[in-house]
There are 2 protein chains.
Amino acid sequence: MVAFTSKDVARAAGVSQSTVSYVMSGKRPISQRTRLRVLAAIEELTYEPNAGARALASQRTSVIGLVVPFGPAADTAGLLPFIETIASSARARDHEVLLVTADEGSAGLRRLAGRSLCDAIVLMDILAHDDRIPVAASLRVPVILIGVPDDPAGLPCVDLDFPMAARMAVDELAATGHDRLVFIGYSAGFMSRGFNFVRRFLDAAEAAADRHGIPHKTVAPVEWGRAAAEKAVDRALAGRRKGRLGLVVPHSTTIQPVLNALSARGVVPGRDISVIGLCTDATAAETEPPVSNISSEPRDVSRRAMQTLFQLLDSDGPTRPTIELVPPRYTRRRTTIPQP
Amino acid sequence: MVAFTSKDVARAAGVSQSTVSYVMSGKRPISQRTRLRVLAAIEELTYEPNAGARALASQRTSVIGLVVPFGPAADTAGLLPFIETIASSARARDHEVLLVTADEGSAGLRRLAGRSLCDAIVLMDILAHDDRIPVAASLRVPVILIGVPDDPAGLPCVDLDFPMAARMAVDELAATGHDRLVFIGYSAGFMSRGFNFVRRFLDAAEAAADRHGIPHKTVAPVEWGRAAAEKAVDRALAGRRKGRLGLVVPHSTTIQPVLNALSARGVVPGRDISVIGLCTDATAAETEPPVSNISSEPRDVSRRAMQTLFQLLDSDGPTRPTIELVPPRYTRRRTTIPQP
DNA sequence: TTGTAAGCGTTATCAC
DNA sequence: GTGATAACGCTTACAA
């Protein structure tokens with residue numbers, strides 16, 4: 001049970017091996033007659049080209065390396081839409097996806113490029129100061145970052161427009177007559193690990209609130225889990241008085257615990273208080289109650305990343321690097337008090 | 001910026017190319033002296049072997065193909081521990097992981113094997129009658145199933161021991177004096193898609209309850225989402241009277257909505273009613289309140305799958321196929337009423 | 001429009 | 001213990 005080769009196809013079709021190759025690649029004109037004979041033979045033998053041989057001869061693997069942030073640090077749920085979209089974008093261009101976990105660090109990157117395992121790399125979960133960036137920038141293959149480090153070292157980046165997300169949340173709460181805002185920050189672990197979208201978001205939120213002249217405070221850090229959320233909510237509600245209070249919760253997994261804590265204190269989201277979360281629409285629809293949200297658009301971000309990656313691959317001259325920020329969208333659901 | 005080859009290493013070390021190869025593979029004795037010279041040259045040039053060339057010459061790719069159930073059907077959160085464990089098991093044996101999404105169906109399998117993209121395949125999310133099984137069984141590479149189809153067609157399977165999980169839940173509730181049980185079934189979509197662990201679980205649960213002589217009913221199908229959970233809870237509570245009622249919720253994503261619905265009806269889990277869920281320990285710890293659970297052990301299941309896969313790969317004679325069922329564990333948390 | 005043949009970078013079989 | 005050298009299966013000049 002050994003696989004057929006292009007030689008077998010050539011013999012079966014009565015043509016040369018190169019003709020088989022050219023029929024498959026379309027890199028040279030083939031007469032209708034022979035093309036059909038070859039295709040018939042391919043069909044007949046259920047021939048599939050050997051990937052290793054092809055990579056060796058053509059110097060291109062048709063594989064995209066994907067470095068994902070697994071391990072305890074990962075936002076377990078939010079990751080899948082990224083992976084899924086990247087996988088399907090790759091398939092749409094006839095490429096495979098090779099999975100590498102981030103715990104391999106720079107070594108994984110070196111291996112991917114050094115062994116010619118892939119033609120390009122998608123690097124997720126970028127830190128502000130990320131050891132892997134200089135390594136990534138020195139590889140023989142193009143690398144695209146999902147996330148924006150302090151110094152991209154010439155590498156193209158794609159990410160959600162976090163400042164815009166923050167502004168949208170604040171603008172919305174301002175427009176619906178809120179006169180006090182609380183921003184629920186991220187966990188200390190997140191902060192210290194150096195995800196700088198945290199700062200980008202909070203800075204923009206505070207600036208926007210100032211611009212509207214709305215008093216605000218930021219409650220941070222907020223650890224992961226129920227207890228931390230309750231403490232944060234208590235701090236948010238401290239000294240609460242008349243008027244409309246708006247909460248902005250940018251960390252996806254903190255949203256539900258915050259909603260729970262509010263309900264437990266008899267403060268009903270959507271009636272007594274407004275809550276806007278930053279998360280995917282899918283996640284927002286599932287919270288109880290469904291949280292009004294700024295969408296984090298993992299699919300858009302991934303799609304854009306793959307687009308620019310394939311552009312780099314097509315025009316293999318080094319295009320000038322870009323930072324693409326994907327705009328979020330606001331969807332009002334059940335947790336925001338409507339206009340008076 | 002082109003990569004060095006083993007030829008370069010050979011020249012630098014003053015040996016032949018084959019010696020370099022043998023130093024790396026250890027497939028023949030090498031004198032200490034030349035070994036060190038070669039290793040130094042490798043280090044010096046940061047040489048890495050070309051994967052395509054190696055695959056071509058050795059007929060082994062050192063890649064494991066992983067077919068994952070993405071798309072709307074996927075249990076978005078529960079998937080990651082599988083992928084993560086499979087990835088790290090692969091790395092531990094110096095193998096890469098190639099990701100293929102299940103929406104490609106049998107075509108993905110054919111491509112994986114036909115193009116010699118991998119040495120072995122892990123197929124997840126197996127249906128009772130799965131079109132891919134006969135295809136998988138006919139491939140040139142070993143395939144292992146995570147899940148148990150009605151007819152494995154000679155392929156080895158690994159899965160959680162769902163009947164045992166059901167028995168453990170029922171035994172626990174029986175031991176703590178419950179005198180009525182309700183099993184919350186799965187969604188119609190799940191059922192019709194043919195996941196037979198559904199039936200395996202429910203059948204075993206009902207049998208166990210009968211064995212204990214405890215009256216029970218099964219509420220099914222239960223669709224995904226809040227509304228369906230509430231309806232199910234209402235049916236579960238219907239005609240409720242004195243005594244201890246125990247709920248068993250085998251669908252991971254249904255657990256939290258069920259807990260919410262109970263609380264909303266003033267029925268406190270762990271005081272007025274017992275709830276046992278089937279989910280990972282991580283998920284259980286995060287529910288509100290933390291649900292007593294039978295763990296679904298995705299890491300154990302994946303690890304076992306990779307173990308047997310590598311065994312197949314090592315002793316490439318076809319070992320006799322096995323069905324390995326991984327035992328779950330019970331952890332009491334906050335949702336079960338303790339012994340009187 | 002098609003065929004010939006020289007690689008691509010390894011591995012593994014012979015020799016020595 | 002080590003070195004030549006023939007595959008491995010494909011792509012792609014170069015010829016015709």
Side-chain angles (χ1 to χ4, degrees), chain A residues 2-39 41-42 45-63 94 96 111 113-119 140, chain B residues 2-39 41-42 45-63 94 96 111 113-119 140:
Chain A
V2 63
F4 288 110
T5 72
S6 65
K7 216 175 210 163
D8 299 317
V9 174
R11 191 177 314 121
V15 299
S16 78
Q17 202 178 8
S18 63
T19 299
V20 174
S21 175
Y22 284 119
V23 164
M24 300 203 69
S25 70
K27 286 190 182 177
R28 113 205 253 193
I30 301 281
S31 75
Q32 187 68 355
R33 185 174 138 67
T34 54
R35 148 174 290 113
L36 291 178
R37 293 165 60 90
V38 169
L39 290 176
I42 287 175
L45 304 181
T46 63
Y47 164 72
E48 303 231 32
N50 179 297
R54 182 174 263 189
L56 186 56
S58 66
Q59 310 281 44
R60 341 193 313 86
T61 61
S62 294
V63 170
D94 258 304
E96 309 293 333
R111 191 159 39 86
R115 303 197 160 183
S116 298
L117 282 163
C118 63
D119 296 334
R140 298 179 300 108
Chain B
V2 65
F4 288 110
T5 72
S6 63
K7 215 175 211 162
D8 300 315
V9 174
R11 192 178 312 121
V15 299
S16 80
Q17 204 175 5
S18 60
T19 299
V20 175
S21 176
Y22 284 118
V23 165
M24 300 203 70
S25 69
K27 287 189 181 176
R28 100 178 177 187
I30 301 281
S31 74
Q32 186 69 352
R33 185 175 139 67
T34 55
R35 150 172 290 112
L36 290 178
R37 292 166 60 90
V38 170
L39 289 178
I42 288 175
L45 304 180
T46 64
Y47 163 72
E48 302 231 33
N50 179 297
R54 182 174 263 191
L56 185 56
S58 67
Q59 310 281 42
R60 346 195 306 87
T61 61
S62 294
V63 170
D94 260 301
E96 309 293 331
R111 188 157 42 83
R115 303 197 161 185
S116 297
L117 281 162
C118 62
D119 297 334
R140 299 179 300 108

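Lettering follows sequence order; numbering is per chain, from 1.
- In this structure, A/Met24 places its CE atom 9 Å from P of D/dC10, rounding to the nearest Å.
- OP1 or OP2 of C/dA12 lies within a sub-4.0 Å distance of a side-chain N or O belonging to B/Lys27.
- The shortest distance between the side-chain N/O atoms of A/Thr34 and the OP1/OP2 oxygens of C/dT2 is below 4.0 Å.
- Between B/Val15 and B/Val20 the shortest side-chain heavy-atom distance falls below 4.5 Å.
- Taking side-chain N and O atoms only, A/Ser21 has a distance below 4.0 Å to OP1 or OP2 of D/dT11.
- The number of heavy atoms from other shown groups lying within 6.0 Å of CZ (B/Arg60) does not exceed 12.
- When the C1' atom of C/dT10 is taken as reference, atom CZ of B/Arg60 falls 13 Å away, rounded to whole Å.
- No contact: A/Val20 has no heavy atom under 4.0 Å from any strand.
- Considering only side-chain N and O atoms, A/Ser6 lies under 4.0 angstrom from the phosphate OP1 or OP2 of D/dC10.
- Applying a 4.0 Å cut-off to non-hydrogen atoms, none of the residues of residues 47-55 of chain B approaches DNA chain D.
- One finds a side-chain N or O of B/Thr19 lying less than 4.0 angstrom from the OP1 or OP2 phosphate oxygen of D/dG3.
- Contact annotation: B/Ser31 side-chain N/O to D/dT2 OP1/OP2 distance is under 4.0 Å.
- Rounded to the nearest 0.5 Å, atoms OG1 (A/Thr5) and CG (A/Asn50) are 9.5 Å apart.
- Terminal axes of the helix from C/dT1-D/dA16 to C/dC16-D/dG1 (five pairs each, C1' rotation axis) are separated by 40°, to the nearest 10°.
- At C/dG3, one or more side-chain N or O atoms of A/Ser16 fall inside 4.0 Å of OP1 or OP2 (strictly under the cut-off).
- Distance B/Arg115 CZ to D/dG9 C1': 14 Å, rounded to the nearest Å.
- Of the candidate nucleotides C/dG9, D/dT2, C/dA12, D/dT2 has the atom lying nearest to any side-chain atom of B/Ile30.
- Evaluation of atom-type donor-acceptor distances gives no pair under 3.5 Å for the side chain of A/Ser18 against the base of C/dA5.
- Under a 3.5 Å cut-off, the side chain of A/Arg140 and the backbone N or O of B/Val2 do not form any donor-acceptor pair.
- More than 12 non-hydrogen atoms from other residues, nucleotides or ligands lie less than 6.0 angstrom from CZ of B/Arg111.
- The backbone N or O of B/Ala13 lies less than 3.5 Å from a partner atom in the side chain of B/Arg37, making a donor-acceptor pair.
- Side-chain contact between B/Ser62 and B/Glu96 is absent, with no heavy atoms from C-beta onward closer than 4.5 Å.
- Under the 3.5 Å distance criterion, with hydrogens and angles disregarded, no donor-acceptor pair is assigned to the side chains of A/Ser21 and A/Ser18.
- With the nearest nucleotide of DNA chain D identified for both B/Pro29 and B/Gln59, B/Pro29 has the one nearer the 5' end.
- Taking CG of B/Leu45 as the start and OG of B/Ser6 as the end, the distance is 11.0 Å to the nearest 0.5 Å.
- For the pair A/Gln17 CD and D/dT11 P, the computed distance is 9 Å after rounding to whole Å.
- When rounded to the nearest whole Å, the span between CZ of A/Arg28 and C1' of C/dG3 equals 8 Å.
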